[in-house]
Q: 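Have a look at this one before I ask anything.
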Amino acid sequence: MRSRFDAFGKNVLRDTLTRVGAADTEVEVIAASQTIDVWYVPDPARAALRAELGLLGELAAEPCQFEPFHDTPGPGELRGCVRKQLHWHHELERRAGGEVPFPRLCLLSSGRPTTVLDAFGFQPDPARPGLYRTAPGWRVDLVVISELPRTRETLLLRLLGARAVLRDAIRDLAALPEDAWERSIALPWLVRLRFETPAEPSARAANDAEEEEIVTEVQQWFEQLKQSLRDEARKEALQEGLKEGLKEGLKEGRQEGLKEGQIRTLARQFEKKLGRPLAETERSVLTERLDRLGPDRLDDVRMELSADALAAWLADPAAA
């Protein structure tokens, strides 16, 4: 992976595929001392959920080696991926002690790799714009992300694109409802892009100027989103707190009601991100950290961490 955008794409792809099967990154191919970007094995019990992924779900219908490229790959990169595919098949058979099906390879290219398409005989799939296939025996597919239709079912793949395609995908992501599953997967990794911006001006100048603008736009959108969510949460907490306070009819009761309303609002937001109710121990941790860290820090944590990382944060007694 040559850039932060490649790392971003690999992480988004892995987290999306984890919803419908087992997906790992940097899978070592021992025979060649190489790593597969994402190795995925579907879970048959989650076939209906996989259908929500559109084209990616179709590609993920069987075990597959995914190799995303933020920069358009050339023939050398394709040969390198095929080399890993062959060695990985050998390793799978060694582990199984016998024959196993030859795994599929899927390259995800931000732009159109014309030389690769022509040199290796890829043909467009008439049913899927942006998808190209080689002869069946090779079991190699190539997705040109810049040619995908701008629909919700292609959103996660378009986030692996570059320049205008990436910008449009981010704007489409921002327009989704707050509880959209795509946002829960992509937002934490988008936020990471701002922290991976090179500190040195000379390093920043070497990056694509348009993509630096995209990173800046993500930062601005994220800050606006945090502020709007904070305003909404505080309004909701105040309303709940006033109800509790009116029930008590006392100043002390009103103050306690405000705090209880704030905790209830935060708990609902955390539960929405986790996709499950909070345990009593987690609710206690949330209350303690609200007192110690304040609501702004808790908002940052909830938005910047993935669901798994958020659960770990709640379980870590030393987390701040």
Q: Donor-acceptor pair, distance only, cut-off 3.5 Å: does the side chain of E93 make one with the backbone of H90?
A: no
Q: From S109 OG over to L117 CG, what is the distance, rounded to the nearest 0.5 angstrom?
A: 8.0 Å
Q: Specify the closest pair of heavy atoms between D141 and L59, including all atoms of both residues, with the distance to one decimal.
A: OD2-CD2, 3.8 Å
Q: Please report the shortest heavy-atom distance between L17 and A60, naming the atom on each side.
A: CD2-CB, 3.6 Å
Q: So with a 6.0 Å cut-off around CH2 of W313, is the heavy-atom count from everything else above 12?
A: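 Counting other residues, nucleotides and ligands, CH2 of W313 exceeds 12 neighbours.
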Q: For residues A186 and F8, report the shortest heavy-atom separation together with the two atoms involved.
A: O-CE1, 4.2 Å
Q: Can you tell me how far the CG atom of D15 sits from the CH2 atom of W181, to the nearest 0.5 Å?
A: 11.0 Å
Q: Could you check whether any side-chain heavy atom of W189 comes within less than 4.5 Å of a side-chain heavy atom of S306, counting everything from C-beta outward?
A: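 No, their side chains stay 4.5 Å or more apart.
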Q: I'd like to check R139 versus L105 (side-chain heavy atoms, cut-off strictly below 4.5 Å). Are they in contact?
A: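 No, every pair of side-chain atoms sits at 4.5 Å or beyond.
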Q: Quick one: does Q85's side chain get under 4.5 Å of W138's, heavy atoms only?
A: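 No. Closest side-chain heavy atoms not under 4.5 Å.
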Q: Is the closest basic N to carboxylate O distance between D168 and R158 below 4.0 Å?
A: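 Salt bridge between D168 and R158, a charged N being under 4.0 Å from a carboxylate O: no.
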Q: State the CG-OG1 distance between D24 and T35, to the nearest 0.5 angstrom.
A: 12.0 Å
Q: When rounded to the nearest 0.5 angstrom, what distance separates CZ in R79 from CD in E77?
A: 10.0 Å
Q: Any Lys/Arg nitrogen of E58 or R104 sitting under 4.0 Å from an Asp/Glu carboxylate oxygen of the other?
A: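 A salt bridge is absent here (no side-chain N lies under 4.0 Å from a carboxylate O).
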Q: Under a 4.0 Å N-O cut-off, is there an ion pair linking E271 with R268?
A: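 Salt bridge flag = no for R268 with E271.
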Q: Do you know which of K84, K10, R14 makes salt bridge (charged side-chain N to carboxylate O under 4.0 Å, His left out) with E26?
A: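 Answer after filtering K84, K10, R14: K10.
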Q: Just so I know, are the side chains of F122 and V144 near enough to count as touching, which here means a heavy-atom distance under 4.5 Å?
A: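 A side-chain contact under 4.5 Å is absent here.
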Q: Ion pair present between R128 and D125, side-chain N to carboxylate O less than 4.0 angstrom?
A: no
Q: Rounded to the nearest 0.5 Å, what separates atom CG in L160 from atom CG in N11?
A: 10.5 Å
Q: For residues G21 and Y40, report the shortest heavy-atom separation together with the two atoms involved.
A: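 Looks like CA-CE1, 3.9 Å.
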Q: Please report the C-alpha distance between L86 and F102 in whole Å, then the side-chain angles of each, then the deciding distance to 0.1 Å, and finally whether the side-chain contact (heavy atoms from CB on, under 4.5 Å) criterion is met.
A: CA-CA 8 Å; L86 293 167; F102 191 64; 3.7 Å; yes
Q: Answer yes or no: is there a donor N or O on one side and an acceptor on the other, between the side chain of S284 and the main chain of E280, under 3.5 Å?
A: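 It does hold such a pair.
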Q: In the structure I gave you, are the side-chain heavy atoms of F5 and S110 within less than 4.5 Å of one another anywhere?
A: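 Counting from C-beta outward, F5 and S110 never come under 4.5 Å.
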Q: Verify, without hydrogens or angle tests, whether R302 (side chain) and K273 (backbone) share a donor-acceptor contact under 3.5 angstrom.
A: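 Not a single qualifying donor-acceptor pair exists.
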Q: Does E182 form a side-chain contact (heavy atoms from CB on, under 4.5 Å) with D172? I'd like the steps, not just the answer.
A: CA-CA 10 Å; E182 295 94 335; D172 292 347; over 6 Å; no
Q: As an exercise, state the distance from CG of L56 to CG of L13, rounded to the nearest 0.5 Å.
A: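 Rounded to the nearest 0.5 Å, the CG-CG separation comes out at 6.0 Å.
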Q: Please report the shortest heavy-atom distance between P42 and R50, naming the atom on each side.
A: CB-NH1, 4.0 Å
Q: Within a strict 4.5 Å, meaning less than it, do heavy atoms of the R289 and V301 side chains meet?
A: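 R289 vs V301: side chains apart.
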Q: Evaluate the side-chain contact (heavy atoms from CB on, under 4.5 Å) criterion for residues D37 and T25: first the C-alpha distance (whole Å), next the side-chain angles of each, then the deciding distance (0.1 Å), finally the verdict.
A: CA-CA 5 Å; D37 283 349; T25 56; over 6 Å; no
Q: Do T72 and P113 have side chains that approach each other closer than 4.5 Å (heavy atoms only, starting at C-beta)?
A: yes
Q: Report the C-alpha distance between F270 and L314 in whole Å, list the side-chain angles of each, state the deciding distance to 0.1 Å, and finish with yes or no for side-chain contact (heavy atoms from CB on, under 4.5 Å).
A: CA-CA 10 Å; F270 272 64; L314 286 168; 4.2 Å; yes
Q: Considering non-hydrogen atoms only, spot the tightest contact between A267 and R283 and give its length.
A: CB-NH1, 3.6 Å
Q: State, with a plain yes or no, whether a side-chain heavy atom of Q123 is found less than 4.5 Å away from one of R133.
A: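 Not in contact.
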